[in-house]
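Just below is one structure, and these are the notes that go with it.
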Amino acid sequence: MPARPETAPEPRWLARRLLAWHARHGRHDLPWQKNRTLYRVWVAEIMLQQTQVATVIPYYRRFLRAFPSLRRLADASLDAVLEQWTGLGYYARARNLHRAARLVRDGLGGRLPRDLDGLMKLPGIGRSTAGAILAQVLDRPHPILDGNVKRVLARCFTVDGWPGEPAVEARLWELSTACTPATRCADYTQAIMDLGATVCTSRNPACGRCPLAPRCLARASGEPTAWPAPRPGRTRPRRRHTLLVLRDARGRVLLQRRPPAGIWGGLWTLPLCPDRADPARWCRDELALAIRPGRRGPLIRHELTHFRLELEPLYAELAPNRGGTREGPELRWHVPGSRPPGGLPAPVRRLLDTLTA
DNA sequence: GATTCGTGGCG
DNA sequence: TCGCCAAGAAT
């Protein structure tokens with residue numbers, strides 16, 4: 001049984017322990033940690049929102065190769081940006097990143113703001129992301145509050161309640177502010193995130209390797225994973241859709257652009273089968289596939305089913321741009337294996353890959 | 001204040 | 001197979 005401290009750790013002790021731990025056990029060679037510019041760290045922080053480091057790294061390298069500077073990003077088309085974002089998810093991040101780059105190019109002389117309020121005015125940058133950028137690039141003493149920090153602080157100080165509740169989050173902001181030291185802010189910020197990501201993990205915390213364990217109240221309780229409290233249960237609505245793979249005689253696949261906002265906003269997907277329509281009823285000439293998302297998540301897992309589709313009725317519904325006057329979804333024929341017209345959702349990309357092979 | 005937004009990994 | 005979670009922000 002661990003020793004049982006009765007008082008919460010002092011902020012200065014916590015920061016000192018974290019800094020010492022980070023020197024030996026922290027991560028020091030992440031791609032955005034070298035050549036730390038506002039632009040490079042900004043892009044990294046946006047990609048890292050709700051996304052783990054290991055997932056981000058290859059995307060980050062490709063993205064910076066395609067858009068080495070803010071100017072190059074602002075001058076690029078949104079389609080080109082979404083194409084780089086394909087598979088990363090949360091595509092509003094890419095749209096906001098691109099919009100912010102143009103705002104900076106056109107209104108701020110091409111320079112990203114170097115203060116909290118200025119950064120937070122840009123789309124996609126909230127308080128935590130702004131703090132992380134300033135702490136890492138300029139070593140400014142701004143607290144952050146991401147999932148790692150929430151977990152570490154909630155355990156150390158046994159903060160009750162689900163962090164999604166505003167009152168709990170406010171308390172965690174207080175603690176994060178109190179613990180953030182006036183100096184060595186870049187190292188401290190990286191340290192507490194690294195601890196949360198590699199030691200104070202959500203399911204199997206390695207308290208035996210934690211520099212904060214001696215005074216961690218959750219550790220002392222014997223059940224460190226009791227904090228933070230889990231999100232209250234909720235019933236997620238199940239949605240079921242059918243996407244159609246329509247191929248012409250040359251093997252091209254019909255793609256349709258999603259509306260600019262909402263799920264997969266601005267991306268190119270397979271056309272949606274109209275609700276209540278049975279794809280099988282349209283079987284006739286062309287071989288097609290239907291994707292039927294399963295019970296998981298918004299639109300994720302899918303099964304492939306072969307259908308033979310009658311194209312003409314669908315074209316009447318899907319190709320309203322013919323003639324140039326009617327409004328309707330943007331459509332494009334795509335040759336599998338060639339460069340896509342823009343961003344593709346991961347399931348669509350995977351499907352197109354199977355058509356290539 | 002509650003929901004929405006992707007995808008991959010984990011137990 | 002399933003539910004939860006992850007370097008959050010916008011609506």
Side-chain angles (χ1 to χ4, degrees), chain A residues 26-27 30-33 41-60 82 85-97 99-100 119-133 135-136 143-152 162-170 172-173 176 186 189-198 200-205 225 228-239 258-267 269 293-302 343-350:
Chain A
R27 294 176 288 193
L30 299 172
W32 45 89
Q33 290 179 319
V41 173
W42 171 45
V43 171
E45 288 303 324
I46 299 300
M47 285 190 172
L48 286 162
Q49 288 171 359
Q50 299 297 99
T51 310
Q52 296 187 344
V53 167
T55 303
V56 162
I57 287 178
Y59 284 90
Y60 182 80
L82 288 173
W85 213 271
T86 287
L88 196 52
Y90 282 134
Y91 298 94
R93 297 182 295 174
R95 298 193 301 268
N96 286 332
L97 193 68
R99 190 152 59 95
L119 282 175
M120 288 178 64
K121 284 191 176 71
L122 294 174
I125 302 184
R127 182 176 172 188
S128 185
T129 297
I133 294 171
Q136 292 192 54
I144 67 168
L145 194 61
D146 66 348
N148 291 311
V149 177
K150 285 177 181 172
R151 189 168 52 254
V152 170
W162 175 52
E165 291 179 51
V168 179
E169 184 174 323
L172 291 170
W173 268 115
S176 180
T189 299
Q190 191 61 47
I192 192 167
M193 286 192 291
D194 285 353
L195 188 79
T198 65
C200 190
T201 56
S202 150
R203 302 170 196 254
N204 281 323
T225 57
R231 169 189 202 117
R234 52 175 186 165
T235 58
R236 291 181 66 89
R238 306 292 192 191
R239 289 182 291 181
R258 297 276 307 166
I263 189 165
W264 294 347
L267 274 66
T269 71
R295 311 158 58 80
R296 168 173 186 254
L299 272 176
I300 309 307
R301 185 152 305 174
H302 55 273
L344 302 175
V348 174
R349 185 189 50 179
R350 279 194 294 269

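Side-chain atoms are counted along with the backbone in the values below, which use heavy atoms only and exclude waters and symmetry mates. Just so we're on the same page: letters track the sequence lines, and every chain starts at 1.
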Ignoring backbone atoms, test whether Gln50(A) places a side-chain nitrogen or oxygen under 4.0 Å from the OP1 or OP2 oxygen of dG8(C). yes
Using a heavy-atom cut-off of under 4.0 Å over every strand shown, decide if Gly87(A) touches base, sugar-phosphate, or nothing. sugar-phosphate
How long is the line joining CG of Leu195(A) and P of dA7(C), in whole Å? 12 Å
Within the structure provided, determine whether Pro163(A) and Glu169(A) are in side-chain contact (heavy-atom separation under 4.5 Å). no
Verify the contact: side-chain N or O of Trp264(A) to OP1 or OP2 of dT7(B), cut-off strictly under 4.0 Å; return yes or no. yes
What's Glu45(A) touching, base or sugar-phosphate or nothing? Going by heavy atoms closer than 4.0 Å. base
Checking all strands, does Trp32(A) fall into the base, sugar-phosphate, or nothing category for heavy-atom contacts under 4.0 angstrom? base
Under the 3.5 Å rule, do the base of dC4(C) and the side chain of Arg203(A) count as making a donor-acceptor pair? yes
For Asn204(A) and Glu165(A), take the nucleotide of DNA chain B holding the closest heavy atom to each; which residue's nucleotide lies nearer the 5' end? Glu165(A)
Taking the P atom of each, how far is dA7(C) from dC10(B), in whole Å? 14 Å
Select from Leu122(A) and Gln52(A) the residue whose nearest nucleotide in DNA chain C is closer to the 5' end of that strand. Gln52(A)
Shortest side-chain distance from Asp146(A), nucleotide among dT7(B), dA10(C), dA7(C): dA7(C)
How many Å lie between CD1 on Ile192(A) and P on dA7(C), as a whole number? 12 Å
Could you check whether any side-chain N or O of Arg151(A) sits under 3.5 Å from a backbone N or O of Cys200(A), counting only pairs where one atom can act as donor and the other as acceptor? yes
Is there a side-chain polar atom (N or O) of Tyr91(A) under 4.0 Å from OP1 or OP2 of dT7(B)? yes
Main-chain N/O of Val53(A) paired with Thr55(A) side-chain donor or acceptor, under 3.5 Å: no
Using modelled atom types only, decide if a donor and an acceptor are shared between the side chain of Gln49(A) and the backbone of Gly124(A) within a distance under 3.5 Å. yes
So Ile133(A), base contact, sugar-phosphate only, or nothing? Heavy-atom distance under 4.0 Å. nothing
When the C1' atoms of dC5(C) and dC5(B) are compared, how many Å lie between them, rounded to an integer? 15 Å
C1' spacing across the pair dA10(C) / dG1(B), given as an integer number of angstrom: 14 Å
Quick one: Ile57(A) CD1 to dA6(C) C1', roughly how many Å, whole number? 15 Å
For dA7(C), take OP1 and OP2 only and decide whether either is under 4.0 Å from a side-chain N or O of Arg151(A). yes
Closest nucleotide of DNA chain B for Arg93(A) versus for Pro166(A): which of these residues is on the 5' side? Pro166(A)
Scan Gln190(A) against the nucleic acid and name what it touches under 4.0 Å (heavy atoms): base, sugar-phosphate only, or nothing. base
Lys121(A) NZ to dA10(C) C1': how many Å, rounded? 17 Å
Are any non-hydrogen side-chain atoms of Trp42(A) and Ile125(A) less than 4.5 angstrom apart? yes
Euclidean distance, atom CG of residue Leu48(A) to atom P of dC5(B) [Å, nearest integer]: 22 Å
Residue pair Leu195(A) / Asn148(A), side-chain heavy-atom distance below 4.5 Å: no
Could you check how far CD of Gln49(A) sits from P of dT7(B), rounded to whole Å? 16 Å
I'd like the P distance from dG6(B) over to dT1(C), given in whole Å. 25 Å
Counting the atoms with a prime plus P, OP1 and OP2 as sugar-phosphate, which does Ala132(A) contact under 4.0 Å by heavy atoms, base, sugar-phosphate, or nothing? nothing
Trp162(A) has an atom CH2; how far is it from atom C1' of dC4(C), in whole Å? 13 Å
Students often get this wrong, so: under 4.0 angstrom with heavy atoms, is Ile125(A) touching a base, only sugar-phosphate, or nothing? sugar-phosphate
From CA spacing to verdict: side chain to side chain donor-acceptor pair (under 3.5 Å), Asn96(A), Arg99(A): CA-CA 5 Å; Asn96(A) 286 332; Arg99(A) 190 152 59 95; 3.3 Å; yes
Shortest side-chain distance from Val53(A), nucleotide among dA7(C), dC5(C), dT7(B): dA7(C)
Answer yes or no: does a side-chain N or O of Arg95(A) lie under 4.0 Å from OP1 or OP2 of dG6(B)? no
Nearest-Å distance for atom pair CD1/P, residues Ile144(A) and dA9(C): 10 Å
Look at the side chain of Thr51(A) against the base of dG6(B) and say whether a donor-acceptor pair falls under 3.5 Å; ignore hydrogens and angles. yes
